[in-house]
Each structure stands twice: as structure tokens, then as C-alpha cells.
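Chain letters run A, B, ... following the sequence lines, proteins first, then strands; residues in each count from 1.
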Amino acid sequence: MKLEVLHVSKRFGQHLALDQISFTLNGNPLVALLGPSGSGKTTLLRVLAGLETPDHGEVRFDGEDIRRLQTRQRGIGFVFQHYALFRHMTISENIAFGLEVKPATLRPHPTEIQRRVHALLRLVHLDWLADRYPDELSGGQRQRAALARALAVEPRILMLDEPFGALDSTVRKELRRELRRLHDAAGITSLFVTHDVEEACEIADQIILLHQGRIVQMGTPQELWTQPVSPFVFRFLGGFSLIPAIRRNGVWIAGDPFPSQRQAEGWTLAHVRPWDLLPAKPQENALTACVESLQTVGPRLRLRLHLPNSHIRLHAEWPTIPGPFAPPTPGTTVCVRPVRLWVFPTTPA
Amino acid sequence: MRPNPPSQSVIPGFRPALTWALLYQAVVVLLPLSTMAIMAFRIPLAQFLHELQSPRLLAACRLSFGLSTLAAFLCTLVGGVTAWTLARIPFFGRRILDAFIDLPFALPTAVAGLALTALYAPQGMIGRLLAPFGIRVAYAPPGILLAMIFVSFPFAVRTLQPVIEEIPREMEEAAILLGSPPWTTFRRVLFPPLRPALATAFGLSLARSLGEYGSIIFIAGNMPFKTEIAPLLIVTRLEQYDYTGALALAVILLIPSFLILMAIHRLRTLRSL
């Protein structure tokens with residue numbers, strides 16, 4: 001299906017929650033609405049679902065303005081952050097609800113409803129809990145039930161508000177892949193809200209990154225990582241350090257000038273990822289840094305460094321595979337070489 | 001920290017708490033009621049039968065139970081709408097309206113009765129407008145109904161309001177997005193969690209209306225067979241120093257009230273209707 005969002009703005013009192021949001025989705029991608037809290041991602045999802053009316057702009061499904069469509073005709077499957085399962089109904093009654101409330105002419109026969117409910121229960125691996133009430137289920141099971149309920153009405157588009165927010169990390173990872181599988185099985189457009197970069201990158205085809213009610217970048221996870229359009233995008237995606245750099249012969253070189261030279265000779269602050277700050281032999285372009293502390297986290301060694309006689313702190317992350325370098329100890333010095341520097345035109349110092 | 005045995009509850013002193021609860025019930029509720037019961041057992045059965053045959057009492061009981069049921073029904077309905085408005089719809093002056101709801105609790109009911117009579121008497125502000133259409137409110141059953149609603153309305157609102165506030169708005173939104181029309185959403189999604197509270201609101205309003213005396217006697221006119229409520233008959237007996245008679249009437253009134261409240265409680269705890 002084709003989803004078009006045209007210049008959508010929404011204000012809550014003094015707060016501009018959405019500021020001229022426009023984008024188009026074609027085909028049936030799995031899209032993450034990513035952003036820090038307060039960036040407007042949940043508001044955007046609610047506007048798309050028709051739960052909030054935008055102050056300006058319009059939302060079109062397959063060319064039709066959703067305000068002209070009745071809720072039923074919009075074909076939205078929505079999963080709420082806290083699931084919003086009907087507590088007085090069993091899981092199978094919850095899933096059947098959307099089919100039972102259809103007008104008589106469109107409503108499937110009761111045996112057909114039962115068949116579809118069971119098929120959905122099997123799809124989300126909950127068939128053994130059909131007659132339980134939501135209160136008797138774990139968080140992950142409720143999430144699956146809410147997904148099945150949303151899919152029961154065969155929506156054109158599936159929307160999920162922070163679908164994994166209330167779950168522990170193991171269940172979270174499992175359900176992520178589950179969502180990807182269900183999305184592929186249903187063959188529909190899906191949008192989910194998250195503030196977790198890893199979550200978005202792991203399963204989404206497209207990421208829409210929001211900040212202060214605006215879209216700052218939209219693209220595949222790959223594009224966001226390799227072509228960040230602003231320091232905000234770069235910083236939001238992952239860890240970084242700021243390091244002085246200067247352009248020499250068309251190449252950015254990191255170093256630590258005397259403070260008096262910084263302004264004069266065109267030094268600027270470049271961003272560097274921890275995993276791009278690799279151990280090196282003393283040579284040109286390598287920096288000598290003092291080790292403040294280090295931790296081993298799984299296969300990675302995390303180091304906190306600072307440049308000698310300077311306030312500049314660096315984070316480095318090295319793989320712990322056996323190599324030519326013995327692991328350093330705090331208080332000693334190491335040589336590091338930034339293999340990739342990111343300089344943005346408007347990098348704030 | 002001192003480790004707690006697993007069975008210990010968060011609130012300390014289970015025994016003192018239980019003792020206090022039972023003691024309170026015993027002194028405040030059970031003692032007067034059981035005294036009444038014991039005294040009632042001394043009344044010969046013949047007197048009960050004699051009282052029950054009194055057409056005046058039967059007319060008063062019909063009026064009391066009939067109007068109380070109607071009042072409780074209206075209170076639950078209108079109170080439900082009011083509670084919904086207060087819980088869900090933000091509007092200017094909501095807090096003030098919210099505070100006004102409780103006012104009938106604080107007002108001496110006789111004052112309420114006098115005020116209502118002044119308004120609805122044939123010469124009163126509202127009564128004057130209704131009189132040309134032949135509608136009598138004061139000194140007629142509608143006046144009694146009005147007084148009953150006035151005193152029991154806060155019970156209905158205050159019972160329902162917190163329960164409505166507890167129902168997440170997302171429930172409604174979920175139902176709407178699943179394509180449920182408004183009435184179906186109410187009937188299948190919002191009503192079931194509200195049902196116990198609605199039953200309680202009905203029961204409390206009914207009990208309050210049945211027992212109300214102070215405000216009603218001012219507006220009712222108290223004409224035997226027409227606008228005389230059952231509690232008034234008891235007071236009349238007391239004024240004639242006929243304590244046994246008053247007690248007999250009280251028992252006759254209490255037994256059906258108790259049975260009705262029991263039935264409502266049963267209704268409240270059933271999972272499906």
C-alpha cells in the first residue's frame with residue numbers, strides 16, 4: 001500500500017509536537033519511527049492511526065485522505081504500548097472482537113471466526129492460552145495476543161507503539177524477530193515506534209529518525225550509519241568522542257594542538273566512533289593517550305582514554321582477539337589511530 | 001534489616017486491625033440492629049400480621065419501594081453520565097462542579113427539603129411554571145422522587161467516578177480501531193468493567209432513598225394513601241409513644257431492604273450476567 005504524509009503539524013498548547021512532517025512509503029516495508037523521548041514519534045503514530053487530528057496537513061492511504069474514511073475502512077491494526085487488551089474477555093474473545101463487531105453483511109460466520117482466531121493463535125504461538133484472561137498472561141504473551149488481535153481484522157497497515165518497551169531484554173530480542181516474521185507473513189506495511197537504535201536497525205527496512213517534531217533523516221539503517229546528515233543523527237545512533245582535527249592535503253588529521261593554535265589554524269572538532277579508534281604503532285597520525293580505565297564486555301574491550309596534558313577524553317572499543325598488543329593497564333599510555341573521522345559543517349565545539 | 005516471615009502482610013498488626021474492624025461492626029452496626037431484632041422477637045406474630053393488613057402501611061410501602069427503585073435507577077443513569085463527564089472530559093469549571101457533587105452530604109436534609117419545596121410548590125419559582133400544565137411536583141410523588149434523587153445522587157457519582165477513571169482510554173481507542181461502532185464499544189468494552197460499580201451505585205442509592213426521611217416529609221405533603229412514605233409511619237408511631245408498633249414497622253421495612261441489597265451484592269460478584 002502507499003502511505004503519504006503531507007505537511008503534518010500538531011501542537012499541544014505551547015509545545016509543537018509535530019512540525020511539517022512529510023514522507024511517503026511504498027510497497028510493504030517494516031518502518032521504525034525512531035527518536036529520543038519527546039521527539040513526537042508516538043504523536044506521529046497516533047495521527048497516522050487517526051487517534052489524533054493534525055492541526056495542518058493530511059494523511060493518505062492509497063491516495064485517500066483518511067479523514068474521509070470510516071475507522072473500519074482505514075484498515076489499521078494498532079498495538080498499544082500497554083497492549084490495551086480487554087480484561088474481561090479471554091484471549092480468543094479478544095482476538096475475535098474485531099471480527100464480531102463487523103456489520104452483519106461483512107461479518108464472517110461464527111465457525112469461520114473461530115477458525116481464524118485459532119489460526120492467529122497458532123501464528124503467535126498462544127493456542128494453549130486461548131481461554132485465559134489477559135491478567136493471567138506474562139508481558140510477552142500479552143504482546144503476542146495484542147498482535148494477533150490487531151492482525152485479525154486483516155489490516156492494510158500495522159502500527160505498534162513502543163511494542164517492546166515493557167518487556168525484559170531476552171523476551172524483547174525474541175519478539176523483535178517474531179515481529180519481523182509476522183510482518184513478512186502478513187505482507188503489509190508496518191510502522192513501529194522505538195527509542196532503541198539497535199531494535200530499529202535489527203529489524204526495520206526503513207528508519208524515520210525524529211527530533212523535536214521534525215524528521216531529521218529517513219533511510220535504511222545502512223544509510224543512517226554511513227551517511228548521517230547531522231551531528232544529531234551521528235550522536236543518536238551510537239557512542240562517539242570528539243577529537244581536534246585539521247585538514248591537511250585534503251585529509252582530516254586528528255591531533256592535539258596548543259590551545260592558542262586552535263582558532264587560528266582552522267582546527268575543528270571531529271566525531272569518532274569508539275570502534276574506529278584502533279590500537280596502532282607509534283607513527284605519524286597516531287595519538288598517544290593515557291589509559292584511565294578499561295572494562296571487558298563480552299568480546300569487546302572498552303577503554304576510557306585521555307590525551308596527555310589535555311581535557312580531551314576518548315572512548316575506544318577494541319575487539320579482544322589475541323593480537324600483537326597486550327591489553328594495556330590503567331595508568332599506562334597507548335597509541336591509537338582514528339581510522340575514520342566525521343566532520344560536520346556545523347559541529348558545535 | 002529484620003527479615004520478614006513470608007506470610008507477613010505489608011500493613012502491620014493484622015490482629016489489632018481485625019479486632020478493631022469486628023469491634024466497630026459490633027458496636028456501631030450489629031448492636032443496635034440486634035437489639036432491634038431481639039426486641040422485635042418479643043412482639044407477638046399476630047401484631048405483625050395485623051400491621052401487614054393495614055392498607056395504609058401497604059400503600060406507604062408501595063410508594064417508598066416504588067419511588068426508591070425509580071430514584072436509584074435515575075441516579076445510576078444520570079450519575080453515570082455525570083461521573084463520566086467528570087472523569088473523562090476536561091472543561092472549564094470541572095473542579096467546582098466536582099466539589100458541588102458532595103454538597104448534599106453536608107447539607108442537613110431538612111434544609112434540602114425546604115429548599116426543594118420552596119422551588120416546586122405551586123407558587124414557587126419552578127412550580128409556578130409547571131402549574132399551568134397541571135404538573136404537580138411538590139406535595140406529589142414527583143416531589144418525593146426529586147428529594148430522593150437529591151440525597152442519593154452523590155453516592156452514585158462517587159461510586160462510579162473512580163472506576164471510570166481506572167478504565168484506560170486506550171481500551172476505547174483499541175475497540176474503535178478494531179472497527180467497533182460507538183454503542184458496541186460501550187456495551188462490550190466499557191460496560192462490563194463498570195457493572196459491579198453500577199450495581200453498587202444502584203444499591204447505595206436505593207438504600208439511601210428508602211431510609212431518607214428529613215427532606216421528603218417537607219415536600220411530600222404526607223397525605224395517607226397518596227404521598228405518605230413508610231419511614232413517616234414509623235415516626236408517627238413514635239410520636240404516639242407506640243414503640244412496639246414503630247419497631248414492627250421498622251422490621252417490616254428492613255427485611256425487604258436487606259434482601260434487595262443482598263441480591264445486588266450477588267449481582268456485583270457474578271462474572272457474567
Practice item. Using distance alone, with no hydrogens and no angle criterion, decide if A:E93 and A:H88 have a side-chain donor and acceptor under 3.5 Å apart. Key: no

Practice item. Check whether A:L99 gets within reach of chain B through its side chain, its backbone, both or neither, counting any heavy atom under 4.5 Å. Key: neither

Point to revise | B:M262 CE: over 12 foreign heavy atoms closer than 6.0 Å | key: no

Point to revise | A:R149 portion near chain B, given a 4.5 angstrom heavy-atom threshold | key: both

Check your understanding: In terms of side-chain heavy atoms, does A:T42 have a donor or acceptor partner in A:D161 at a distance below 3.5 Å?
Key -> yes

Study note, to complete from the structure: Highest number of heavy-atom pairs under 4.5 Å with chain A among B:T185, B:V189, B:I176 belongs to B:V189

Review point. Which region of B:R188, side chain (C-beta onward) or backbone (N, CA, C, O), has a non-hydrogen atom less than 4.5 Å from a non-hydrogen atom of chain A, or is it both or neither?
Key: both

Review point. Side chains of A:L175 and A:R144: closer than 4.5 Å at any heavy-atom pair?
Key: yes

